[in-house]
Amino acid sequence: METAQSTLPKEEMLLAKFEEKTAAGEAIEPRDWMPEAYRKHLIRQMSQHAHSEVIGMQPEGNWVTRAPSLRARQILLAKIQDEGGHGLYLYSAAETLGITRDEMIQQLHSGKAKYSNIFNYPSLTWADIGAIGWLVDGAAIVNQVSLQRTSYAPYSRAMVRICKEESFHQRQGYEIMATMMKGTAEQREMAQDAMNRWWWPSLMMFGPHDTDSPHSADAFRWKIKRHTNDELRQKFIDKTVQQAELIGLTVPDKDLRWNEAKQGYDYGKIDWEEFNRVINGHGPCNKQRLSHHIRVHNEGAWVREAAEAYKQKQKNN
Ligand SMILES: [Fe+2]
Ligand SMILES: [Fe+2]
């Protein structure tokens, strides 16, 4: 057995090597040595990401049977299936860090693991499906494009695949909004109302200002993160404001102004109190989202058992 003295330098050596590798922008693979804090950070971030993909299917699923045309229904169904697939890639990628999918689901059900706050808002009209695709997936893309170069290789590979599908999601949402804006006065009003309700929660998706986040410093040093929350938020605002103007939608922010010097928009204050209220379980749909997931997960137990029994049988043959 090694003594404490002899293990310590070895750990330090491994850590130094790891820091050197991440600083040089090299990728970390599952079998590479990594500090416990890096592993934990990624498990938290990747499982939260996976849960968000899956919980995000609920507000959209609400509209599958009420889509205004067969074409719209097919597109929405394909999009929701993609999100389920994104969840699966991400759960698998997170499992390479030594946590099981079961454990991640348990953490979601117990409230220990979070998912994106945005999915605690209801989808009230068909225009909300447009706003979700355009704004929510639009915000997700900005974040995910940046994560394609994250240091943990399985996460970065999952992001490359996911991003290809996300741009389709963003376009289908924008198409819904553009179509409604060419419609009747009521349809335009509906689109504007959806914009008003989804704009601010979409900006919150990037998370608090980095100076307010306790995990930020490590995430940057280890290249898990390559851009600040505020940088990504700015990028999203700059591209989205122009898209809104193009189809005649008004961004619900009276402080929004083009800033020539920074070549970007200045924007109003984000209501972080609302953000914290929703994250702490008091959004309009928190209870509904979680109880739906728990119920469906329990109802699907027989599928998992059957799959497990089949796997065992194959092994024994
Ligand atoms: Fe997705
Ligand atoms: Fe998506």
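Numbers for residues simply follow the sequence, beginning at 1. For clarity, every value in this text was computed on a predicted model and none was experimentally measured. Counting starts at 1 for both ligands and their atoms, following the listed order.
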Are a donor atom and an acceptor atom from the side chains of Trp258 and Glu260 found within less than 3.5 Å of each other? yes
The Fe ion (ligand 1) reached by Glu166 (N, O or S, under 2.8 Å): yes
Other residues, nucleotides, ligands: >12 heavy atoms within 6.0 Å of Gln312 CD: yes
Of the N, O or S atoms in Glu53, the one nearest the Fe ion (ligand 1): OE1
When rounded to the nearest 0.5 Å, the distance separating CG of Asn286 from OH of Tyr115 is 5.0 Å
Between Ser47 and Tyr91, is there a side-chain donor-acceptor contact under 3.5 Å, judged purely by atom types and distance? no
Closer than 2.8 Å to the Fe ion (ligand 1): does that hold for any N, O or S atom in Glu83? yes
The Fe ion (ligand 2) -> His169, closest N, O or S atom is ND1
Name whichever N, O or S atom of His86 ends up nearest to the Fe ion (ligand 1). ND1
With the Fe ion (ligand 2) as the reference point, give the N/O/S atom of Asp137 that is nearest. OD2
Is the distance from the ring center of His292 to that of His297 below 6.0 Å? no
N/O/S atom of Asp82 under 2.8 Å from the Fe ion (ligand 2), yes or no? no
Is a side-chain donor-acceptor pair under 3.5 Å present for Glu166 with His169? yes
